[in-house]
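Only this structure's heavy atoms are used, side chains among them; waters, hydrogens and symmetry mates stay out. We number each residue from 1, following the sequence as shown.
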Amino acid sequence: YTLSLHDALPIYTVEEIDTPEKYNQPANQTVTVEGNSAASVSFENVLKVGSLTITKTVNDGGTLNGFKFKVTGPSYPSGTTVTTNAAGEANLSNLVPGSYTVEEIDTPAKYNQPANQTVTVEENSAVTVSFVNLLRLGSMRIEKSTEDSITLDGFQFTVSGPSYPTGTILTTNNEGLIEIDNLIPGDYSVQEFNVPDRYLEPDEQTISIVADQTTVVSIENKLKETPILNANLTISKTVQGNMGSWDKLFEYTLTLQDK
């Protein structure tokens, strides 16, 4: 059998050239052109894309799901909202490469609002951006005073609450102050112990610590009352021998002791 050119079906290779940078280069294709017919070949240009992962952590051991973020960039000019899962992650895929702004929205009131972040998504790669939520904290100031206004340093207190579940022992300075910062908001108890004997023991106090505020607790030590003795004292004086002057005065010193 002799093959003539008129019997052969021509095969053509079609190659896209000068593909725009934002698209992946499509594969070459071959097509057979039959006589008296039209052949067609189709090419689809797929955008070069990347992905973005948002990770969330908190410093109080709280749940990580449900945190919301607004992501704005080439794929979402008007922004899109994503929500973290139980692992604290939110994922966006098939993103057009470019610069994206990530903003946490609807942050729970107990946390400080983290700053926005800008990241660059590159083609065929994944980028991660991390957000840490820090608790909004408060502070406490214990102010000690005494009824007799003597030295104020060395008074001891036990403070218990969310930041100190098992309690912590603190001591006043020479101004009678104790200052505690970075306290988790909530209810705290303040109890003085080892109270000097001359003072009545103050009642335990419960106070509420509020975020971004200083709560002051004032504790005064009252003196114990000295009982009044209803008693009579008679002093009798006798002398022996020469009595000397009849108008001589004898002086006595009376000392009372608190039992």
Side-chain angles (χ1 to χ4, degrees), residues 54-70 81 83-90 102-117 129-226:
I54 302 168
T55 63
K56 162 62 61 183
T57 56
V58 295
N59 71 338
D60 66 339
T63 181
L64 298 177
N65 67 315
F67 286 89
K68 295 181 180 180
F69 293 87
K70 181 178 180 180
T81 299
T83 304
T84 57
N85 58 23
E89 294 185 353
V102 184
E103 174 190 5
E104 183 172 333
I105 59 176
D106 299 335
T107 301
K110 67 178 181 177
Y111 294 113
N112 287 299
Q113 175 79 30
N116 298 351
Q117 297 191 48
V129 58
S130 299
F131 284 78
V132 179
N133 282 76
L134 302 177
L135 277 173
R136 296 170 57 203
L137 303 174
S139 60
M140 178 194 307
R141 185 169 68 247
I142 299 173
E143 298 179 348
K144 161 59 62 181
S145 61
T146 60
E147 189 174 13
D148 55 358
S149 301
I150 66 165
T151 180
L152 297 176
D153 66 318
F155 287 89
Q156 293 182 302
F157 292 86
T158 298
V159 177
S160 303
S163 287
Y164 303 106
T166 59
T168 186
I169 295 174
L170 302 167
T171 304
T172 57
N173 61 20
N174 58 7
E175 296 179 341
L177 299 178
I178 297 174
E179 295 180 323
I180 319 169
D181 296 323
N182 300 321
L183 292 176
I184 299 172
D187 289 337
Y188 287 77
S189 65
V190 181
Q191 177 66 63
E192 185 176 348
F193 69 100
N194 288 340
V195 180
D197 289 341
R198 64 181 175 277
Y199 297 117
L200 297 170
E201 183 170 321
D203 293 334
E204 179 179 275
Q205 294 196 36
T206 299
I207 62 171
S208 293
I209 296 298
V210 180
D212 307 320
Q213 295 183 24
T214 297
T215 301
V216 177
V217 54
S218 298
I219 298 177
E220 181 183 16
N221 286 80
K222 294 287 189 179
L223 289 167
K224 293 178 179 178
E225 294 184 2
T226 302

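- Residue Val159 comes nearest to Ile180 through the heavy atom pair CG2-CD1, 4.2 Å, listed as atom of the first residue, atom of the second, then distance.
- Interatomic distance, Leu64 CG to Glu89 CD, rounded to the nearest 0.5 Å: 10.0 Å.
- Side-chain atoms of Tyr199 and Asp148 form a donor-acceptor pair, as typed in the model, at a separation below 3.5 Å.
- Judged by distance alone, the side chain of Gln117 and the main-chain N or O of Ser130 form a donor-acceptor pair under 3.5 Å.
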key: Steps toward side-chain contact (heavy atoms from CB on, under 4.5 Å) verdict (Val190, Glu204)   = CA-CA 6 Å; Val190 181; Glu204 179 179 275; over 6 Å; no

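- Within the 4.5 Å cutoff, side-chain heavy atoms of Asp181 are placed close to those of Ser139.
- Here the closest heavy-atom approach between residue Thr83 and residue Ala90 is recorded as O-CB, 3.8 Å.
- Within the 4.5 Å cutoff, side-chain heavy atoms of Thr158 are placed close to those of Ile169.
- The two residues Ile209 and Met140 come nearest to each other via the heavy atoms CD1-CB, 3.9 Å.
- Side-chain contact, Thr84 with Asn65: no donor N or O sits under 3.5 Å from an acceptor N or O.
- At least one donor-acceptor pair under 3.5 Å links the side chain of Thr215 to the backbone N or O of Ser208.
- Checked by atom type and distance alone, the side chain of Lys222 never pairs as donor or acceptor with a backbone atom of Glu147 at under 3.5 Å.
- Glu201 places none of its side-chain heavy atoms less than 4.5 Å from the side chain of Glu192.
- Once rounded to the nearest 0.5 Å, the distance linking CD of Gln191 with CD of Gln205 reads 9.5 Å.
- By the 4.5 Å heavy-atom criterion applied to side chains, Phe155 and Ile219 are not counted as neighbours.
- The CD atom of Glu220 sits 7.5 Å away from the OG1 atom of Thr146 when rounded to the nearest 0.5 Å.
- Within the model, atoms CD1 of Ile105 and CG of Asn116 stand 10.5 Å from one another, a figure rounded to the nearest 0.5 Å.
- A 4.5 Å side-chain heavy-atom check between Phe69 and Phe131 finds at least one atom pair inside the cut-off.
- Of all heavy-atom pairs between Gly186 and Pro162, the closest is CA-CG, 4.1 Å.
- The CD1 atom of Ile150 sits 8.5 Å away from atom CG of Leu223, with the distance rounded to the nearest 0.5 Å.
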task = Report the C-alpha distance between Ile184 and Asp60 in whole Å, list the side-chain angles of each, state the deciding distance to 0.1 Å, and finish with yes or no for side-chain contact (heavy atoms from CB on, under 4.5 Å).
result = CA-CA 9 Å; Ile184 299 172; Asp60 66 339; 5.8 Å; no

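- A side chain to side chain contact (heavy atoms under 4.5 Å, CB included) with Gln156 is found for exactly one of Leu170, Thr171, Ile178, Val195, namely Thr171.
- To the nearest 0.5 Å, atoms CG (Asn59) and CG (Leu137) are separated by 7.0 Å.
- For the 3.5 Å distance criterion, the side chains of Tyr188 and Ser163 qualify, holding a donor opposite an acceptor.
- Residues Leu135 and Tyr111 meet the side-chain proximity criterion, which asks for heavy atoms closer than 4.5 Å.
- For Thr214 against Arg141, the heavy-atom pair with the smallest separation is CG2-NH1, 4.1 Å.
- Between the side chain of Thr172 and the backbone N or O of Leu152 there is at least one donor-acceptor pair closer than 3.5 Å.
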